[in-house]
Enquirer: 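Sharing a structure below in structure tokens format, with a few things to ask.
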Amino acid sequence: MLNVAIVGAGPTGVYTFLSLVRSGTPLSISIYEKSARAGVGMPYTDDDNTVMMLANIASIEIPPITSSYLDWLRMQDNGWLNRFGVDKLNLHDRQFLPRTLLGEYLRNQLLAVVEEAQARNLCVESHESCEVTDIELADTGVSLFTQGQKVRERFDLVVIATGHVWPDDDETPKGHFPSPWSGLIETKIGACNVGIMGTSLSAIDATMAVVAQHGRFVEVADEALRFDLHSGSDGLHITLMSRSGLLPEADFYCPIPYDPLHIATDDAIEKEMAAGTAGLLDRAFTLIAKEISRADPVWSNRISLTTLDADSFATAYFADRKHHAPFHWAEFNLREVERNKRDRCTVPWRYAILRLHEAVQPIVGKLSADDRCRFDSGLCKVFVDNYAAVPSESIRRLLALHQAKLLSVVELGDDYQMEVQSERTTIRVDDGALEFDVFIDARGQRPLKTKDLPFPTLRKQLMASGDEMPDVGEDYTLLEPPLARGRVAIAALPYLMSDRPFIQGITASADIGAAIANAAMKPPNRPRKKLLFLTG
């Protein structure tokens with residue numbers, strides 16, 4: 001019987017557990033979760049989220065575990081759902097719901113998979129409030145240490161599914177939060193000048209965490225919202241900042257599951273990668289441009305797509321938004337996407353770009369250093385903007401806050417400086433300075449390196465192999481050092497993001513879990529796929 005440990009029981013840990021249980025392999029599985037409730041995961045816990053914070057994934061996109069998210073919701077008591085602001089009668093599979101409610105689903109499904117495992121006569125142990133503090137490779141297996149003490153048994157396979165990693169706020173001044181999940185939720189934020197670095201979903205989450213303490217949203221006519229400020233909160237103002245000063249667009253309607261691509265297919269991408277590194281980005285862009293032109297010739301002609309390249313495409317993509325004030329564009333975009341949802345109308349060019357980001361991702365780890373820089377400053381921004389569209393309700397809330405004169409957006413450009421002082425944070429730009437009593441860095445998860453692993457012995461063993469990033473195979477098991485081959489799987493997204501920039505979210509968690517389950521049924525020698533960490 002294979003002895004497996006899963007370190008971390010958020011979404012990736014849950015889907016890995018599910019895939020292992022259904023692999024048909026005789027297993028003994030031990031789950032280690034440092035929080036008190038395995039299954040929930042940091043992005044969905046009550047500790048780090050409020051009911052105002054919405055998940056940007058709907059039931060139709062979430063891979064079912066023992067039941068679909070929508071089916072599970074329909075089995076719940078309406079009174080309980082009302083606590084999350086959800087009406088059972090209005091549930092549908094494209095609905096964006098509070099993060100904390102999704103966390104409850106994941107928790108329930110983990111417990112259901114435990115029951116399924118037991119019915120299959122698998123041995124399962126779940127250790128909650130139990131932090132793994134070290135991992136050690138040896139000839140005879142992998143050892144775990146919890147709270148500094150060595151676990152009795154050794155493991156044949158250890159899956160590191162520790163999830164997102166946010167900076168510690170212990171050394172930062174009061175009022176400066178290095179992430180929205182560094183103590184913000186439990187901190188009383190006064191009615192003051194608040195700066196938030198970022199304009200995407202993480203920044204919207206941070207905004208909601210602040211305004212929830214100072215007022216409430218009220219529905220008005222035509223699905224719009226109004227924000228009513230509490231008495232005594234008149235001094236509140238929030239500024240969202242980014243290099244571009246652009247707000248995200250609202251999530252758009254499209255067929256799910258996705259229609260297949262016609263030109264930038266997996267085979268076509270693989271053929272270009274096989275042709276070598278030189279010119280790979282430009283050859284891939286040729287496929288991208290042809291795919292978009294085929295899908296939407298009208299839009300392609302409007303932006304003169306045939307005259308663009310991998311460097312200029314992003315400028316054309318963002319041009320319309322750059323020519324309009326952020327909230328004016330947000331209002332226009334919201335009306336468009338809501339009309340399209342009602343009419344079940346898909347915008348072809350948006351849908352093509354959405355499908356292309358996953359097809360193109362395999363080239364990233366093959367790009368030269370110069371082409372990787374070009375990709376990050378151009379096409380990557382387009383893909384991220386497209387797939388990271390936010391719930392319509394989030395846009396409505398931003399518009400309501402702006403209408404109440406509580407929210408503004410600032411374009412910083414590429415040349416700005418940040419000074420963190422004891423009482424305030426200052427952002428200096430060419431034409432002056434912005435000072436904030438409270439500052440929240442909401443730019444999202446950064447890729448992490450081997451040196452960032454929180455397990456000192458494993459970190460030392462991996463760094464001795466000379467790899468800046470964990471060296472993993474297609475099933476996410478380590479290939480270096482030799483002692484780790486087939487024994488340790490890296491399923492923590494921050495350590496996979498360097499050459500997989502789009503590997504985020506629950507669908508990625510399900511894919512990773514399925515791939516790791518294959519590792520439990522194979523010998524350790526698998527094809528190499530080296531992860532690269534490139535700067536610039």
Side-chain angles (χ1 to χ4, degrees), residues 3-10 12-13 16 30-35 41-42 127 130-171 178-179 181-182 365 445-501 503-504 512 515-516 519 524 526 528-535:
N3 200 10
V4 180
I6 300 174
V7 181
T12 305
T16 301
S30 299
I31 300 170
Y32 295 88
E33 170 55 45
K34 68 178 182 180
S35 75
M42 183 283 301
H127 306 272
C130 184
E131 182 175 6
V132 173
T133 53
D134 204 1
I135 299 173
E136 182 180 23
L137 299 167
D139 289 331
T140 54
V142 186
S143 296
L144 295 188
F145 295 77
T146 59
Q147 276 81 26
Q149 300 297 314
K150 192 173 185 178
V151 175
R152 178 176 52 82
E153 64 268 21
R154 293 200 175 195
F155 296 94
D156 303 297
L157 175 64
V158 171
V159 180
I160 299 174
T162 45
H164 291 286
V165 178
W166 305 112
D168 236 338
D169 64 340
D170 293 343
E171 298 181 2
S179 86
W181 299 278
S182 299
Q445 178 69 65
R446 309 293 194 277
L448 298 181
K449 301 182 182 182
T450 301
K451 68 179 181 62
D452 300 310
L453 282 166
F455 313 110
T457 303
L458 180 65
R459 181 174 66 240
K460 182 178 179 180
Q461 291 176 308
L462 266 61
M463 290 185 71
S465 67
D467 290 314
E468 280 192 300
M469 295 297 299
D471 188 6
V472 303
E474 295 293 341
D475 58 12
Y476 299 94
T477 58
L478 285 166
L479 297 169
E480 294 294 338
L483 273 180
R485 291 177 187 168
R487 289 178 169 174
V488 176
I490 302 291
L493 301 187
Y495 300 96
L496 303 171
M497 289 172 60
S498 179
D499 73 343
R500 295 168 170 89
I503 191 166
Q504 300 186 50
I512 291 169
I516 289 173
R526 285 173 284 279
R528 291 175 65 89
K529 181 174 182 182
K530 189 176 179 63
L531 291 176
L532 303 176
F533 185 86
L534 301 171
T535 59

Enquirer: Looking at every heavy atom in both Thr450 and Met463, which two are closest together, and how far apart are they?
Expert: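 In terms of heavy atoms, the two residues are closest at CG2-CG, 3.6 Å.
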
Enquirer: Answer whether the closest heavy-atom distance between the side chains of Val158 and Val4 falls below 4.5 Å.
Expert: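 No; the side chains remain at least 4.5 Å from each other.
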
Enquirer: Of all heavy-atom pairs between Val165 and Gln445, which one has the smallest distance, and what is that distance?
Expert: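 Nearest pair, atom of Val165 first, then Gln445: N-OE1, 2.9 Å.
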
Enquirer: Any carboxylate oxygen within less than 4.0 angstrom of a Lys/Arg side-chain nitrogen, looking at Glu468 and Lys451?
Expert: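 Salt bridge flag = no for Lys451 with Glu468.
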
Enquirer: Is it the case that over 12 heavy atoms from other parts of the model lie below 6.0 angstrom from the CD atom of Gln147?
Expert: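 Yes - once you tally the heavy atoms of other residues, nucleotides and ligands closer than 6.0 Å, there are more than 12.
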
Enquirer: Can you see which heavy atom on Ala489 is nearest to which on Leu157, and at what distance?
Expert: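 Residues Ala489 and Leu157, closest heavy atoms: N-CD1, 4.4 Å.
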
Enquirer: Closer than 3.5 angstrom, by distance alone: can the side chain of Thr457 be matched with the main-chain N or O of Asp134 as a donor-acceptor pair?
Expert: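 Pair absent, no side-chain N/O of Thr457 close to backbone of Asp134.
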
Enquirer: Answer yes if the side chains of Glu33 and Ser35 hold a donor-acceptor pair under 3.5 Å, and no otherwise.
Expert: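 Yes, because at least one side-chain N or O of Glu33 sits under 3.5 Å from a partner of the opposite role on Ser35.
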
Enquirer: Which heavy atom in Pro481 sits nearest to a heavy atom in Leu462, and how many Å separate them?
Expert: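 Pro481 and Leu462 have their closest heavy atoms at CD-CD1, 3.9 Å.
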
Enquirer: With a 4.5 Å cut-off on side-chain heavy atoms, are Asn3 and Glu153 touching?
Expert: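 Heavy-atom side-chain distance check passes, below 4.5 Å.
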
Enquirer: Show the nearest heavy-atom pair for residues Pro447 and Ser498, with the distance to one decimal.
Expert: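 Between these two residues, the closest heavy atoms are CB-N, 4.2 Å.
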
Enquirer: Applying the side-chain contact (heavy atoms from CB on, under 4.5 Å) criterion to Tyr476, which one of Leu496, Thr12, Ile160, Thr16 satisfies it?
Expert: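 When Leu496, Thr12, Ile160, Thr16 are each tested with Tyr476, the side-chain contact (heavy atoms from CB on, under 4.5 Å) holds only for Leu496.
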
Enquirer: What residues, two or more places apart in sequence or in another chain, satisfy side chain to side chain donor-acceptor pair (under 3.5 Å) together with Ser30?
Expert: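 Testing Ser30 for side chain to side chain donor-acceptor pair (under 3.5 Å), a comparison that skips the adjacent residues, returns none.
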
Enquirer: Would you give me the side-chain donor-acceptor pairs under 3.5 Å for residues 136-145, sequence neighbours excluded?
Expert:
from, atom 1, to, atom 2, distance (Å)
Thr140, OG1, Arg154, NH1, 2.5
Ser143, OG, Arg154, NE, 3.4

Enquirer: Is there side-chain contact between Ile512 and Ile503, with at least one heavy-atom pair below 4.5 Å?
Expert: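 Heavy-atom side-chain distance check passes, below 4.5 Å.
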
Enquirer: Do the rings of Phe155 and Tyr32 sit parallel, tilted or perpendicular, given the 30° and 60° boundaries?
Expert: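 Perpendicular.
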
Enquirer: Any chance you could measure Gln149, atom CD, to Thr133, atom OG1, to the nearest 0.5 Å?
Expert: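 Answer for the CD-OG1 pair, Gln149 versus Thr133, is 8.5 Å.
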
Enquirer: Taking Met469's backbone N and O only, do any of them form a donor-acceptor pair with Asp467's side chain (distance below 3.5 Å, no angle check)?
Expert: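 A pair under 3.5 Å: no.
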
Enquirer: Please confirm whether the backbone N or O of Leu479 pairs with a side-chain atom of Arg485, one donor and one acceptor, at under 3.5 Å?
Expert: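 Checked: pair present.
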
Enquirer: Taking only residues two or more places apart in sequence, or in another chain, which ones meet Pro454 in a side chain to side chain contact (heavy atoms under 4.5 Å, CB included)?
Expert: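 Per chain and number, Pro454 pairs via side chain to side chain contact (heavy atoms under 4.5 Å, CB included) with Tyr495.
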
Enquirer: To the nearest 0.5 angstrom, please state how far the CD atom of Glu131 sits from the OG1 atom of Thr146.
Expert: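 One finds 10.0 Å between CD of Glu131 and OG1 of Thr146.
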
Enquirer: Would Val7 and Thr162 count as a side chain to side chain contact (heavy atoms under 4.5 Å, CB included) if you check the C-alpha gap in whole Å, the side-chain angles of each, and the deciding distance to 0.1 Å?
Expert: CA-CA 6 Å; Val7 181; Thr162 45; 4.1 Å; yes

Enquirer: List the atom of Ile490, the atom of Pro470, and the distance in Å for their closest heavy-atom pair.
Expert: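 Between these two residues, the closest heavy atoms are CG1-CB, 4.1 Å.
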
